[in-house]
Number of protein chains: 2
Amino acid sequence: MFNAIAEPQRREILVLLRSGERPVTELAQELGMTQPGASKHLRVLREVGLVRDRKVGKQRLYGLDARGLRPVHEWAGGFERFWNESFDRLDAYVRNLEQARNEGAAE
Amino acid sequence: MFNAIAEPQRREILVLLRSGERPVTELAQELGMTQPGASKHLRVLREVGLVRDRKVGKQRLYGLDARGLRPVHEWAGGFERFWNESFDRLDAYVRNLEQARNEGAAE
DNA sequence: TTGACGCATGCCGATATCGGCATATGATGA
DNA sequence: TCATCATATGCCGATATCGGCATGCGTCAA
């Protein structure tokens, strides 16, 4: 999952799909990539469940299934307190924790 | 940034550093990896600014600087409405968008 | 200065990734 | 059935990644 969204083009695909399903060729065109390139990225996204596809005639429409991004959001959110404090205060905070850790028992 | 946190071990390092600064060897020990392995991952995290280091005697303490995770959090949050709806409703929503997109002008 | 410690770096081999190209597959329509 | 369109897959070369190992470099203590 984290790996799937590590690729800039795949993130662009997901952003594009927020405004609706699209066939592969259209995605490739909008992102300035080849059709096989788009298909490969879509495959990765499909394998982690971030997109789903349904066949419509000759085409295959890809749509967003962003549920897998929720864990990502929550994981990053677990660090929210660290970026909300000013960096100086954070530094002091970290030092305090370090001190407490060294004085306490093994973690 | 997204690439840096795509690695499970690097994510574990960040989680560990939430509770305080740590020297390299201790991180390596806690994560069951070799010291060079830990150093390499820390280097990647340092290059994207997710950790900072300060020298204390012979040791080098690594601390968290999670500010770079804020864009990640916000990017994933941009998909929140998609995972908050039930998947059936999401599907209808997506179909509506697709319909509107096809009826409208070129995007 | 020497030795020991903590850490970083370089090298290696194995594996994965990515883009581009050609081509296979599947569905449609004549 | 045959041609065509839309898409997927296979192959290739270039590049990146990762783990493990050895070793270099800086720091401290004696």
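Residue numbers begin at 1 in each chain, while the letters A, B, ... track the order of the sequences. Keep in mind it's a predicted model, so treat the numbers as computed, not measured.
- Close to D:dA8, at under 4.0 Å from its OP1 or OP2, lies a side-chain N or O of A:Tyr62.
- In this structure the side chain of B:Glu7 never reaches within 4.5 angstrom of the side chain of B:Val44, judged on heavy atoms.
- In this structure, CG on B:Leu31 lies 9.0 Å from NE2 on B:His41, to the nearest 0.5 angstrom.
- For the pair B:Gln29 CD and C:dC5 P, the computed distance is 15 Å after rounding to whole Å.
- Neither OP1 nor OP2 of C:dA27 sits under 4.0 Å from any side-chain N or O of A:Arg60.
- The separation between A:His41 atom NE2 and C:dA16 atom P is 18 Å, rounded to whole Å.
- Using a 4.0 Å heavy-atom cutoff across all strands shown, B:Ser39 reaches at least one base atom of the nucleic acid.
- Comparing A:Glu7 and B:Gln59, the nucleotide of DNA chain C nearest to each residue sits closer to the 5' end for B:Gln59.
- The NZ atom of A:Lys40 sits 12 Å away from the P atom of D:dA8 (whole-angstrom rounding).
- Remark: P of C:dG6 and CD of B:Glu21 are 18 Å apart, rounded to the nearest angstrom.
- Look at CG on A:Asp53: it is 10 Å from P on D:dT9, rounded to the nearest Å.
- Between the side chain of A:Arg67 and the backbone N or O of A:Leu50, no donor-acceptor pair lies under 3.5 Å.
- Under the 4.5 Å side-chain criterion, counting only non-hydrogen atoms from C-beta, A:Glu12 is not in contact with A:Glu30.
- Taking side-chain N and O atoms only, A:Thr25 has a distance below 4.0 Å to OP1 or OP2 of D:dT7.
- Place A:Val44 and A:Pro36 on DNA chain C by their nearest nucleotides, and A:Val44 ends up nearer the 5' end.
- One atom, CZ of B:Arg43, and another, P of C:dG10, lie 7 Å apart when rounded to the nearest Å.
- Between B:Leu45 atom CG and C:dA8 atom P there is a gap of 12 Å when expressed in whole angstrom units.
- Nearest to the side-chain atoms of A:Pro23 among the listed nucleotides D:dT7, D:dG19, D:dA8 stands D:dT7.
- Counting only N and O atoms by type, the side chains of A:Ser39 and A:Gln35 include a donor and acceptor under 3.5 Å apart.
- Within 4.0 Å of A:Asn3, counting heavy atoms only, lie sugar-phosphate atoms of the nucleic acid but no base atom.
- Between the CG atom of B:Leu42 and the C1' atom of D:dT17 there is a distance of 17 Å, rounded to whole Å.
- For a distance-only test at 3.5 Å, the side chain of B:Gln35 qualifies as a donor-acceptor partner of the base of C:dA8.
- In this structure, the ring of A:Trp83 has its center less than 6.0 angstrom from the ring center of B:His73.
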Polar atom pairs (N or O), protein with nucleotides 27-30 of chain D, under 3.5 Å:
{"unit_1": "D:dT27", "atom_1": "OP1", "unit_2": "B:Lys55", "atom_2": "NZ", "d": "3.1"}

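- When A:Arg54, A:Lys55, A:Arg60 are each tested for a salt bridge (Lys or Arg N to Asp or Glu O under 4.0 Å) with A:Glu21, only one passes: A:Arg54.
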